[in-house]
Amino acid sequence: MQELVNIFEAYLSKSTRIFSNKEALTSKFTPGKILHREEEITALAQILSPSLKMEKPSNVFIYGKSGTGKTLVTTFVCNQLENFSKKKGKGVKVLYTNCKMRKVADTEYRLIASLCRKLGRNLPATGLPTYEIYKNFFELLDREERIYILILDEIDRLVKKCGDEVLYNLVRVNSELKKAKVSIVGISNDITFKTRLDSRVLSSLGEEEIIFPPYDAIQLTEILSERAKIAFREGVLEEGVIQKCAAYAAREHGDARRALELLRIAGEIAEREGSLKVLERHVDLANEKMEREAVIEVVKKQPLQSKILLFSLIKSNRKKQKVYSGDLYDEYVNFCKMIGIKPLTQRRVSDLLNEFDVLGLINNKVISLGRYGRTREINLSIPQNLVEEVEKILKVGLGI
DNA sequence: AGGTATTCACATGAAACTATTCTCTGAGTTAGG
DNA sequence: TAACTCAGAGAATAGTTTCATGTGAATACCTGT
């Protein structure tokens, strides 16, 4: 017991040398003031404020790439709204759901069930018909006179997976309810997402639109500095560290989340090294680490068939730079036969390749070779220095 | 030469199928009165 | 008779197959000069 306390004490005192409040660098943290989003904040607040008079606000669509502050701004505004309404004795209630969360809210059934859960009723994860879930949901909503604001984060994922039926139902809920009213704030990374929607849904859901532009390097620097003031002890950041983080992130469409993470990891590396300062060198290391982990973790998590496919892909890539889907499929089938596993169809492999593309492991380009058909040109986008490590992981995963 | 048609080798889309996980229901069984 | 058990029916879901349709441009095939 005694010794453990010492260990913990040592850890505590050590960890405070660099950080004073590491939380401030995570996406959970809501800063006191949100920089460079004044316009968006007022726009959203104006759109939603009719709720304070118990009128249903317009539905809103919010677009912007990842790390542009969509979620932050939305939750900020909605929290303020909820608090204000509570003070004034009005019944505005905000329900936030992230539609991407696997096994939580990524299908029609699960989304509605998770909303019910937020309203205080637990429903089974499966087994009930969907209409039953809706019935529960309506019942819960209509208990009292209220304005509900549903925030559906990463709504594009939901639609991609399950179609827009859910949205259609949600848009219509107001006609089913007697006391309560519901308006929807949809947040999406994908601007083209609109085109996949049914026109009825679109016209109702897209009543208002707010677009979040990416941050530029200067804005990122300011955001980082502000957070760093809270997160780090004074004077531990070397000149140029923040600029460097901002520059790395600006290269990636101005993703503030990434910039913050980079800064945090740089700090952690410095800390582990026992350094008293975070140096620019640490940022480079952090960037390397992030890139590496992005690849390695993804590869590890792949199911068997995907691993086989990826392995075949690396092998083909060794032989020649340009890999075409047809050749890859042959290679893959051969390899499956070799290790005695039933190969998937070409159709499925095609989808898996698309998934790899989304994960950033490869780069697909559909090209036409005229008379010689149409195919996909596949480029491995795993950095050279990681390919070997990836291969090793795959070999272990496949038992060879 | 210039224009149209064909053709290849896949891509892409939609639907259906399989296996798994979960709930609900109701018949049959058991234990207690 | 009330409580319990357990099989079977019905749902949702992930992962896949089957069937159908789409596609871009190099080549083949015309046509008229």
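Numbered from 1 within each chain, the chains take letters A, B, ... in sequence-line order. Keep in mind the model is a prediction, meaning the values are calculated, not measured.
- Rounding to whole angstrom units, CZ of residue A:Arg371 and C1' of C:dG24 are separated by 14 Å.
- The shortest distance between the side-chain N/O atoms of A:Ser325 and the OP1/OP2 oxygens of B:dA9 is not below 4.0 Å.
- Remark: A:Arg200 is positioned above the aromatic ring of A:Tyr168, its terminal NZ or CZ atom under 6.0 angstrom from the ring centre and at most 45 degrees off the axis.
- Projected onto DNA chain B by closest heavy-atom contact, A:Gly370 and A:Arg376 fall at different nucleotides, the more 5' of which corresponds to A:Gly370.
- Between A:Lys342 and C:dT16 there is no side-chain N or O to OP1 or OP2 distance below 4.0 Å.
- Donor-acceptor pairing under 3.5 Å is recorded for the side chains of A:Asn59 and A:Lys56.
- Taking every heavy atom of residues 350-366 of chain A and every atom of DNA chain C, no pair lies under 4.0 Å.
- Remark: the A:Arg374 side chain and the C:dT23 base include a donor-acceptor N/O pair separated by less than 3.5 Å.
- In this structure, the CG atom of A:Asp106 is 6 Å from the P atom of C:dA14, given to the nearest Å.
- Taking atom CZ of residue A:Arg110 and atom C1' of nucleotide C:dA12, one finds them 8 Å apart after rounding to whole Å.
- Figure legend: cation-pi geometry between A:Lys22 and A:Phe19, with NZ or CZ positioned under 6.0 Å from the six-membered ring centre and within 45° of its axis.
- A salt bridge is absent between A:Lys135 and A:Glu139; no separation between the charged side-chain nitrogens and carboxylate oxygens falls under 4.0 Å.
- Looking at A:Glu331 and A:Lys319, a side-chain N of the basic residue comes within less than 4.0 Å of a carboxylate O on the acidic one, giving a salt bridge.
- Taking atom CD of A:Gln346 as the reference point, atom P of B:dG13 lies 16 Å away to the nearest angstrom.
- A salt bridge links A:Lys161 with A:Asp106: the distance from a Lys NZ or Arg NE/NH1/NH2 to an Asp or Glu carboxylate oxygen falls below 4.0 Å.
- In this structure, A:Leu309 atom CG and C:dG15 atom C1' are separated by 15 Å, rounded to whole Å.
- Residue A:Tyr372 has its side chain nearest to C:dT27 when only C:dA14, B:dC10, C:dT27 are considered.
- A salt bridge does not link A:Glu145 to A:Lys179: none of the charged nitrogens lies less than 4.0 Å from a carboxylate oxygen.
- Across the protein-nucleic acid pair, A:Arg348 atom CZ and B:dC17 atom C1' stand 14 Å apart, rounded to whole Å.
- Rounded to whole angstrom, the span from the CG atom of A:Leu344 across to the P atom of B:dC17 amounts to 20 Å.
- Salt bridge annotation for A:Arg347-A:Asp351: present, with a cationic side-chain nitrogen under 4.0 angstrom from a carboxylate oxygen.
- Taking Ile, Leu, Val, Met, Phe, Trp and Tyr as hydrophobic and joining them when side-chain heavy atoms fall under 4.5 Å apart, one finds A:Val104 in a cluster with A:Met101.
- Classification of the A:His36-A:Tyr215 ring pair by plane angle, with boundaries at 30° and 60°, yields perpendicular.
- Proximity note for A:Tyr109 (side chain, C-beta onward) versus C:dA12, B:dT7, B:dA11: the nearest is C:dA12.
- The distance between atom CG of A:Leu328 and atom P of B:dA9, rounded to the nearest whole Å, is 17 Å.
- The stretch residues 122-141 of chain A touches DNA chain C through A:Thr126, A:Gly127, A:Leu128, A:Pro129, A:Thr130, each having a heavy atom under 4.0 angstrom from the strand.
- A:Arg347 contributes a side-chain N or O that forms a donor-acceptor pair with the base of B:dG13 under 3.5 Å.
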